[in-house]
Novice: 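This is the structure I have questions about; it appears just below.
All chains are named by letter (A, B, ...) in the order of the sequence lines, taking the proteins before the strands, and each is independently numbered beginning at 1.
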Protein chains: 2
Amino acid sequence: MASTKKDEFTTEEIWLSEIAKALSHPARIKILKILNEMDSCMVGSIVDKLPLAQSTVSQHLKELKRVGLIEGEIDGPKICYCLNNKTLSKAKTALDKLFTKIGCC
Amino acid sequence: MASTKKDEFTTEEIWLSEIAKALSHPARIKILKILNEMDSCMVGSIVDKLPLAQSTVSQHLKELKRVGLIEGEIDGPKICYCLNNKTLSKAKTALDKLFTKIGCC
DNA sequence: ATTGTTTATCGTAAATATACGATAAATATA
DNA sequence: TATATTTATCGTATATTTACGATAAACAAT
């Protein structure tokens with residue numbers, strides 16, 4: 001069974017592992033880059049830039065949204081996704097802190 | 001099917017996603033901290049500090065070793081694991097670059 | 001040589017992740 | 001109202017992950 005036993009770890013360790021999990025697929029890393037580069041951020045435009053089906057991209061967006069790295073705003077029948085700089089900043093700091101803590105120069 | 005289609009992404013995106021995957025479990029984050037804090041780095045000592053079976057910890061060590069974040073050196077019947085600062089440094093830089101690129105302050 | 005210690009690997013089970021097509025839901029447009 | 005557009009969700013299949021106990025392999029010690 002995959003009973004993760006996550007109760008035994010700190011909130012910070014669990015949160016950071018969730019962020020890392022969200023970044024653990026190249027499509028999701030690319031989505032973050034696309035959202036930053038594009039003026040428009042409709043799902044359709046993202047799908048066009050990825051070698052994946054629309055439903056699959058939607059799943060990846062859901063995962064990024066789950067951990068708060070992106071946000072979606074309804075705009076008519078479309079949905080406009082954008083980066084959540086607050087969470088991104090928090091993630092950057094936390095990862096930096098981890099690497100510094102474990103002696104990485 | 002889970003045919004990841006990773007061919008369509010850049011080497012950097014794939015590599016970074018692999019690093020993130022290695023960090024995507026709290027036990028593996030904790031292992032990195034443990035390896036930094038302990039003088040000794042035998043598997044047994046790591047197992048003692050985690051709420052997981054020895055075989056499970058061995059799997060997590062294998063995953064960290066796979067992406068080069070740690071290294072194992074044979075010491076008699078024991079194996080001494082340690083952090084690989086070169087890879088850690090590379091990962092830190094790459095993650096920092098990603099967050100900076102996507103506009104994170 | 002036998003025994004104990006240490007760690008990886010095997011076998012297995014359950015959960016999660018990844019992918020797709022099909023469909024539903026919501027809105028815009030004709 | 002009917003149709004088109006957009007995106008999430010459903011259903012499904014396969015692969016991977018996570019976990020454990022049991023065992024094997026490698027070495028040390030008696």
Novice: Please identify each residue that fulfils side chain to side chain donor-acceptor pair (under 3.5 Å) with A:Glu12, with sequence neighbours left out.
Specialist: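 Checked A:Glu12 against side chain to side chain donor-acceptor pair (under 3.5 Å); zero matches.
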Novice: Write down the distance between CZ (B:Arg66) and P (D:dT16), rounded to a whole number of angstrom.
Specialist: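 Whole-Å distance recorded here is 11 Å.
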Novice: With a 3.5 Å cut-off and sequence neighbours excluded, list the donor-acceptor pairs that the side chains of residues 62-80 of chain A form with protein atoms.
Specialist:
unit_1	atom_1	unit_2	atom_2	d
A:Glu63	OE1	A:Arg66	NE	3.0
A:Glu63	OE2	A:Arg66	NH2	3.0
A:Arg66	NH1	A:Glu18	OE1	2.9
A:Arg66	NH2	A:Glu18	OE1	2.6
A:Glu71	OE2	A:Asn84	ND2	3.3

Novice: Are the side chains of B:Phe9 and A:Pro51 in touch, meaning some heavy atoms are under 4.5 Å apart?
Specialist: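 Yes, at least one pair of side-chain atoms sits under 4.5 Å.
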Novice: With sequence neighbours excluded, what pairs up with B:Val47 under the side-chain contact (heavy atoms from CB on, under 4.5 Å) test?
Specialist: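 Checked B:Val47 against side-chain contact (heavy atoms from CB on, under 4.5 Å); matches are B:Val43, B:Gln54, B:Val57.
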Novice: Taking side-chain contact (heavy atoms from CB on, under 4.5 Å) as the test, write out the residues that go with B:Asp48, two or more places apart.
Specialist: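 Scan of B:Asp48 (side-chain contact (heavy atoms from CB on, under 4.5 Å), adjacent residues dropped) gives none.
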Novice: Taking salt bridge (Lys or Arg N to Asp or Glu O under 4.0 Å) as the definition, give me every residue that meets it alongside A:Lys33, ordered by chain and number, with sequence neighbours left out.
Specialist: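 Residues passing salt bridge (Lys or Arg N to Asp or Glu O under 4.0 Å) with A:Lys33: B:Glu13.
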Novice: Would you please confirm or rule out a distance under 4.0 Å between OP1 or OP2 of C:dA8 and any side-chain N or O of B:Ser58?
Specialist: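 For B:Ser58, the contact criterion (side-chain N or O under 4.0 Å from OP1 or OP2 of C:dA8) is met.
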Novice: I need the CZ-C1' distance between A:Arg28 and C:dT18, as an integer number of Å.
Specialist: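 Computing the A:Arg28:CZ to C:dT18:C1' distance gives 9 Å.
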Novice: Looking across every strand, which nucleic acid part, if any, lies under 4.0 Å from A:Gln59 by heavy atom: base, sugar-phosphate, or nothing?
Specialist: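 A:Gln59: base contact, heavy atoms under 4.0 Å.
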Novice: Just how far, in rounded Å, is C1' of C:dT6 from CD of B:Glu73?
Specialist: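 To the nearest whole Å, that distance equals 16 Å.
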Novice: Between the main-chain N or O of A:Leu52 and the side-chain N or O of A:Thr56, is there a donor-acceptor pair closer than 3.5 Å?
Specialist: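 Between the backbone of A:Leu52 and the side chain of A:Thr56 there is no qualifying donor-acceptor contact (under 3.5 Å).
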Novice: Going 5' to 3' along nucleotides 22-30 of chain C, which nucleotides have protein heavy atoms under 4.0 Å from the base (write B), which only from the sugar-phosphate (write S), and which from neither (write -)?
Specialist: B----BS--
Novice: Could you give the CD-to-C1' distance, from B:Glu18 to C:dA17, as a whole number of Å?
Specialist: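 Interatomic distance, CD of B:Glu18 to C1' of C:dA17: 14 Å.
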Novice: From the set C:dT18, D:dC20, C:dA8, return the single nucleotide nearest to any side-chain atom of B:Ala53.
Specialist: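 Side chain of B:Ala53 sits closest to D:dC20.
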Novice: Please list every stem that involves DNA chain C, where a stem is a run of 3 or more consecutive Watson-Crick or G-U wobble pairs with both pairing distances under 3.5 Å.
Specialist: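 Runs of three or more consecutive pairs: C:1-30 with D:1-30.
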Novice: Grab the CE-C1' distance between B:Met42 and D:dA28 for me, whole Å please.
Specialist: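 One finds 13 Å between C1' of D:dA28 and CE of B:Met42, rounded.
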Novice: Distance check: side-chain N/O of B:Lys21 vs OP1/OP2 of D:dT17, anything under 4.0 Å?
Specialist: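 Affirmative; the distance criterion is met.
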Novice: Could you tell me how far apart B:Lys65 (NZ) and C:dT9 (C1') are, to the nearest whole angstrom?
Specialist: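 So the NZ-C1' distance, B:Lys65 to C:dT9, works out to 13 Å.
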Novice: List in chain and number order the residues that pass side-chain contact (heavy atoms from CB on, under 4.5 Å) with B:Ser45, two or more places apart in sequence or in another chain; answer none if no residue qualifies.
Specialist: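 Scan of B:Ser45 (side-chain contact (heavy atoms from CB on, under 4.5 Å), adjacent residues dropped) gives B:Met38, B:Ser40, B:Met42.
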Novice: So, is B:His60 near the phosphate of D:dA19, with a side-chain N or O under 4.0 Å from OP1 or OP2?
Specialist: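 For D:dA19, OP1/OP2 do have a side-chain N/O of B:His60 under 4.0 Å.
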Novice: Suppose we screen for side-chain contact (heavy atoms from CB on, under 4.5 Å). Which residues come up paired with A:Ala20, at least two apart in sequence or across chains?
Specialist: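 By the side-chain contact (heavy atoms from CB on, under 4.5 Å) rule, A:Ala20 matches B:Leu23, B:Ser24.
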Novice: Any side-chain N or O of A:Tyr81 under 4.0 Å from OP1/OP2 of D:dT6?
Specialist: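 No.
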Novice: By nearest atom, which of the nucleotides C:dT7, C:dC20, D:dT7 is closest to the A:Ile79 side chain?
Specialist: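 Nearest to the side-chain atoms of A:Ile79, counting from C-beta on, is D:dT7.
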Novice: Compare the minimum distances between each of D:dT7, C:dT7, C:dT9 and the side chain of B:Lys78, then state the nucleotide with the smallest one.
Specialist: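 Of the candidates, C:dT7 comes closest.
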Novice: Could you tell me whether a side-chain N or O of B:Arg28 sits under 3.5 Å from a main-chain N or O of B:Ala22, the two making a donor and an acceptor?
Specialist: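 Answer holds: yes.
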Novice: Taking atom P of C:dT18 as reference, at what distance in whole Å does atom NE2 of A:His25 sit?
Specialist: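 Atom-to-atom, A:His25 to C:dT18, this comes out as 5 Å.
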Novice: Just the rounded figure in Å: distance from P of D:dT17 to NZ of B:Lys62.
Specialist: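 Answer to the nearest Å: 11 Å.
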